[in-house]
Amino acid sequence: MDFDWLFFVEISLGGLGTGGLYALTALAFVIIFKSTGVVNLAIGEMLMVGAYLVYGLATGFGLPIWLAIIVGVLGSGLAGGVIERLAIRPMVGESPISTFMITVGLASVLVGAVELIWTADQRRMPPIMPDEAIFIGEAFVSSKVFYGFFVTLILISLGLLVFRFWRGGVALRATAFDQGAAYSMGINVPRVFSLSWVIGAMIATVAGVIVGAIGGISPSMGIFGLSVLVVVIAGGLDSVLGALVAGMAIGLIEAWASGFLGGEYKVVVTFLILIIVLMIRPYGLFGTREIERL
């Protein structure tokens, strides 16, 4: 039996689209961890709440979808800052597991709040991207996945440029590298902590909008965060490069496993890859040896 190259290309393109979303959300996770040392298990729920916020602004208040996205992203950033100030900052100096459990509780609170406001029913995000069929050569790819991938790629590139050259990005990197040295250089470290949560929440919201545009929105969207957690652990909790590489790789692996073995094998293969990576490099592919594991 001949190998179906067209099918292989099509599922690979879909995998790259999913991997881009993993990488974008993992970037939000890593920014928070690098700056604050907090393992934010609620990243998937923050993504979900951001998507619902944009949905509510577009359908409940009648805002044009582009304006709803802008207001939703800004609003999510504000909420991220509030969460850091009220729930995370009081835990400074406590054990990492205590802060970790705070994020577990935060995830449950966010899911409950969404279900109270919008119920648990799945909803469809207003149209954001064109719906026409996209062909790359003879290979078909969903237009939402296609445009979502390029939006994700642009946002990741902009995020890296901002992180590299913007003064606030430099402060984030300095604080992540050495908090004591950052203090001595006059950097307001608590403000940097808040900034990291603001930026992380905004990035997660953009990812949530794209995920919602592709597959609809529901309170169970938070499970997307489990795949993202696999990505950041495999790539290295403190590595931006690891988040990007592992995100794309795991997106492809899931697509191949689902396409050739069946959808039920997707999660199995993904976690098998994670186990193998951690057996070889316990701190992740690009993580530093000094980081603490929970």
Side-chain angles (χ1 to χ4, degrees), residues 14 17-18 20-29 32 40-84 87 103 105-132 142-156 158-159 197-229 251:
T18 302
L21 290 172
Y22 285 161
L24 182 63
T25 312
L27 180 62
F29 183 104
I32 290 175
N40 180 18
L41 200 66
I43 193 67
E45 283 68 27
M46 291 171 67
L47 173 150
M48 176 266 298
V49 168
Y52 267 99
L53 179 57
V54 172
Y55 169 83
L57 290 169
T59 60
F61 292 90
L63 296 182
I65 188 61
W66 62 269
L67 182 58
I69 292 173
I70 293 173
V71 175
V73 168
L74 294 175
S76 295
L78 177 62
V82 171
I83 289 171
E84 188 280 331
T103 68
L106 174 63
S108 298
V109 169
L110 294 178
V111 171
V114 164
E115 290 182 347
L116 282 174
I117 298 172
W118 285 286
T119 75
D121 297 334
Q122 184 170 7
R123 299 173 185 269
R124 184 176 297 275
M125 186 73 73
I128 297 173
M129 294 169 278
D131 239 352
E132 74 273 7
S142 165
S143 61
K144 293 178 180 179
V145 172
F146 179 82
Y147 289 113
F149 173 77
F150 282 102
V151 169
T152 298
L153 193 63
I154 291 170
L155 289 173
I156 289 174
L158 287 175
W197 276 82
V198 168
I199 293 175
M202 293 171 72
I203 293 174
T205 296
V206 174
V209 170
I210 298 174
V211 171
I214 293 172
I217 60 175
S218 72
S220 63
M221 281 176 70
I223 200 170
F224 187 83
L226 291 178
S227 294
V228 173
L229 190 61

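Owing to the predicted nature of the structure, the values given are computational and were not obtained by experimental measurement.
Atoms CG and CD, from Asn40 and Glu84 in turn, are 11.5 Å apart once rounded to the nearest 0.5 Å. Here Ile32 contributes atom CD1 and Leu27 contributes atom CG; the two are 10.0 Å apart, rounded to the nearest 0.5 Å. Note: Ile199 CD1 to Trp197 CH2 = 13.5 Å, rounded to the nearest 0.5 Å.
Of all non-hydrogen atoms in Gly56 and Trp118, the two that sit nearest each other are CA-CZ2, 4.0 Å. Ala68 and Leu57 get closest at one heavy-atom pair: O-CD1, 3.6 Å. Smallest separation of non-hydrogen atoms from Ala51 and Met221: CB-CE, 4.0 Å. Contact detail for Ala201 and Gly80: the closest heavy-atom pair is CB-CA, 4.0 Å. Considering all non-hydrogen atoms of both residues, Gly200 and Ala28 come closest at O-CB, 3.3 Å.
Screening Val198, Leu106, Val109 for a side chain to side chain contact (heavy atoms under 4.5 Å, CB included) involving Ile83 leaves a single residue, Leu106. Each of Leu21, Ile210, Thr25, Leu24 was evaluated against Leu47; a single residue qualifies, Thr25, per the side chain to side chain contact (heavy atoms under 4.5 Å, CB included) test. Just one residue in the list Thr59, Ile128, Ile70 forms a side chain to side chain contact (heavy atoms under 4.5 Å, CB included) with Ile65, and that residue is Ile128.
The closest donor-acceptor contact from the side chain of Gln122 to the backbone of Ser220 lies at 3.5 Å or more, if one exists at all. A donor-acceptor pair is defined here as one N or O able to donate and one able to accept, closer than 3.5 Å; no such pair exists between the side chain of Arg123 and the backbone of Tyr55. A donor-acceptor pair is defined here as one N or O able to donate and one able to accept, closer than 3.5 Å; such a pair exists between the side chain of Thr103 and the backbone of Leu41.
Taking 4.5 Å as the limit, every side-chain heavy atom of Met125 sits out of range of all side-chain heavy atoms of Ile214. Looking only at side-chain heavy atoms (C-beta outward), Met48 and Val111 come within less than 4.5 Å of each other. Looking only at side-chain heavy atoms (C-beta outward), Leu53 and Thr205 stay at 4.5 Å or farther from each other. Pro219 places a side-chain heavy atom less than 4.5 Å from the side chain of Tyr52.
Counting only residues at least two apart or on different chains, no side-chain hydrogen bond (donor to acceptor under 3.5 Å, both in side chains) pair has a member in residues 106-117.
Every residue was checked against the ring-ring contact (aromatic ring centres under 6.0 Å, His included) condition with Phe29, not counting sequence neighbours, and none meets it. Legend: residues meeting ring-ring contact (aromatic ring centres under 6.0 Å, His included) with Tyr147, ordered by chain and number and at least two apart, are absent.
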| Would Leu74 and Leu78 satisfy side-chain contact (heavy atoms from CB on, under 4.5 Å), going step by step from the backbone distance to the final call? | CA-CA 6 Å; Leu74 294 175; Leu78 177 62; over 6 Å; no

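The local environment of CD1 in Ile223 is sparse, with at most 12 non-hydrogen atoms from other residues, nucleotides or ligands closer than 6.0 Å.
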